[in-house]
Amino acid sequence: MGQIVGAAIVSHHPGLVQPREVRVQRGNGRDSDLIEGFDRVRNRIDAVKPDTFVLFDTHWITTGMHLVAGAAHYKGHYTSSELPFSMSRFAYDYRGAPGLGRLVEEVAQERKVQARNVTDETLPLQYPTINVIHYLGRGEKVLSVGTCQTAQFRHFLQMGEVVAEAIRRSDARVVLLASGAMSHKFYDLDHVPPHPRIWHPDNVSDPGNRALDLEVLGFWKEGRHDIVLDRFPELEAAKYEGHGAHYAQMMGALGGKACKARGIQLAEYENAAGTGNVHVWFDLH
């Protein structure tokens with residue numbers, strides 16, 4: 001029987017894979033703390049010894065159904081169509097989780113949930129998967145899960161439940177990775193950040209969104225996912241990345257409002273182009 005052994009919300013923005021000297025310059029002499037934060041997350045991963053990551057990808061936008069990327073292997077070079085001067089010909093090479101992908105589709109069919117497994121190795125990848133695996137991967141299998149733009153909150157929870165049941169039927173030890181920002185309102189093209197350190201939280205685009213992010217961080221630390229899920233419309237109004245699907249699907253897999261896993265913040269809360277970013281580990285034991 002498979003098991004979910006850990007879970008985390010992690011940032012993935014392209015600034016994190018720029019050269020260190022660029023990050024330090026943008027950070028007014030200090031690198032983004034999310035970089036060292038990846039090492040802190042990896043230490044938590046090492047402690048639970050997974051063989052598989054299930055990664056909820058906020059940039060893999062699907063329509064009409066949930067999708068998982070269940071090919072056996074992914075290798076190539078990625079250039080971002082959004083930010084090609086931040087990510088160009090970025091190499092990736094990691095194992096897929098085809099068995100788990102098949103189980104996801106099997107469970108979805110049984111439960112009449114609109115979800116399919118994509119086995120084509122030429123499927124275009126997205127940087128929420130590539131960047132996170134770059135920093136956290138150590139040979140684990142990876143199953144990316146998309147963000148269905150025609151889904152509602154309840155559908156994201158259902159998909160998380162499908163993923164959890166598929167994991168239970170497998171022999172995998174899984175860490176769930178919700179790859180995305182918190183509030184995700186970009187600042188305008190001609191915006192001048194008020195703080196010289198680009199990563200500073202004062203540079204998050206909307207003070208109200210920043211306040212909500214910090215409030216949510218407080219609830220996560222207390223394990224009060226019931227409160228956060230009840231307030232999900234507020235997260236969507238603050239433009240949580242991917243409609244908050246990364247968090248909602250992860251929580252569906254962890255029991256929804258019944259989940260009491262306390263969050264351990266493993267990086268400073270930081271800005272990226274107006275969005276709120278952080279790494280938080282949820283200890284399941």
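Remember, predicted model here, so these are calculated numbers, not experimental data. Positions are given from 1, in the same order as the sequence printed here.
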Donor-acceptor contact below 3.5 Å, side chain [X] vs main chain [Y]:
X      : Y      : result
Asn203 : His195 : yes
Glu105 : Asn117 : yes
Ser80  : Met87  : no
Thr147 : Asp57  : yes
Arg173 : Lys49  : yes
Thr150 : Gly64  : yes
Arg20  : Asp31  : no
Thr58  : Ser179 : yes
Asn271 : Ile198 : yes
Arg262 : Asp283 : no

To the nearest 0.5 angstrom, please state how far the [atom1] atom of [X] sits from the [atom2] atom of [Y].
X      : Y      : atom1 : atom2 : answer
His191 : Ser205 : NE2   : OG    : 8.0 Å
Glu268 : His279 : CD    : NE2   : 11.0 Å
His13  : Leu83  : NE2   : CG    : 11.0 Å
Lys185 : Asp206 : NZ    : CG    : 5.0 Å
Glu236 : Gln152 : CD    : CD    : 7.5 Å
Met182 : Asn209 : CE    : CG    : 10.5 Å

Looking only at heavy atoms, which two atoms of [X] and [Y] are closest? And how far apart?
X      : Y      : answer
Leu176 : Ala253 : CD1-CB, 3.8 Å
Ala69  : Leu123 : CB-CD2, 3.8 Å
Ala172 : Thr52  : CB-OG1, 3.8 Å
Gly146 : Thr62  : CA-CG2, 4.4 Å
Gly37  : Ala267 : CA-CB, 4.1 Å
Ser86  : Gln18  : OG-NE2, 3.5 Å

Do the non-hydrogen side-chain atoms of [X] and [Y] ever get within less than 4.5 Å of each other?
X      : Y      : result
Phe153 : Pro233 : no
Gln114 : His155 : no
Leu100 : Lys141 : no
Asn131 : Tyr78  : no
Trp60  : Thr129 : no
Tyr240 : Asp213 : yes
Glu121 : Lys75  : no
Glu234 : Glu215 : no

Would you say CG of Asp202 has more than 12 non-hydrogen atoms from neighbouring residues, nucleotides or ligands within 6.0 angstrom? yes
Does atom CD (Glu36) have a neighbourhood of more than 12 heavy atoms from anything else shown, all under 6.0 Å? no
Looking only at side chains, do Asn277 and Thr275 share a donor and an acceptor under 3.5 Å apart? yes
Gln149-His243 side chain donor-acceptor pair, cut-off 3.5 Å: no
Using side chain to side chain contact (heavy atoms under 4.5 Å, CB included), reason through Met250 and His225 one step at a time and then give a plain yes or no. CA-CA 11 Å; Met250 182 175 74; His225 301 282; over 6 Å; no
Check whether [X] and [Y] end up in the same hydrophobic cluster, where Ile, Leu, Val, Met, Phe, Trp and Tyr are linked by side-chain heavy atoms less than 4.5 Å apart.
X      : Y      : result
Val280 : Ile264 : no
Val174 : Val132 : no
Val41  : Tyr127 : yes
Val54  : Val5   : no
Val10  : Phe90  : yes

Should Asp33 and Arg40 be marked as a salt bridge (Lys or Arg N to Asp or Glu O under 4.0 Å) after you check the CA-CA gap, both sets of side-chain angles, and the distance that decides it? CA-CA 10 Å; Asp33 190 59; Arg40 301 176 196 123; 3.1 Å; yes
Could you tell me how the ring of Tyr92 sits relative to the ring of Tyr94: parallel (under 30°), tilted (30 to 60°) or perpendicular (over 60°)? tilted
Going by the angle between their ring planes, with limits at 30° and 60°, are Phe232 and Tyr247 parallel, tilted or perpendicular? parallel
Check this for me: does any side-chain nitrogen of one of [X] and [Y] sit under 4.0 Å from a carboxylate oxygen of the other?
X      : Y      : value
Asp46  : Arg44  : no
Glu110 : Arg169 : yes
Glu270 : Arg30  : no
Asp230 : Lys257 : yes

Between Phe186 and His184, does the ring centre distance come in under 6.0 Å? yes
Run the numbers on Ile45 and Trp281 for side chain to side chain contact (heavy atoms under 4.5 Å, CB included), then give the verdict. CA-CA 9 Å; Ile45 292 171; Trp281 176 264; 3.8 Å; yes
Give the C-alpha distance, both sets of side-chain angles, the deciding distance and a yes or no for side chain to side chain contact (heavy atoms under 4.5 Å, CB included) between Phe282 and Ile9. CA-CA 8 Å; Phe282 298 100; Ile9 288 178; 4.0 Å; yes
Only one of Val104, Leu55, Leu103 passes side chain to side chain contact (heavy atoms under 4.5 Å, CB included) with Leu143, and that residue is Val104
Decide side chain to side chain contact (heavy atoms under 4.5 Å, CB included) for Phe56 and Phe156; before the verdict, give the C-alpha distance in whole Å, the side-chain angles of both, and the deciding distance to 0.1 Å. CA-CA 11 Å; Phe56 300 102; Phe156 294 132; over 6 Å; no
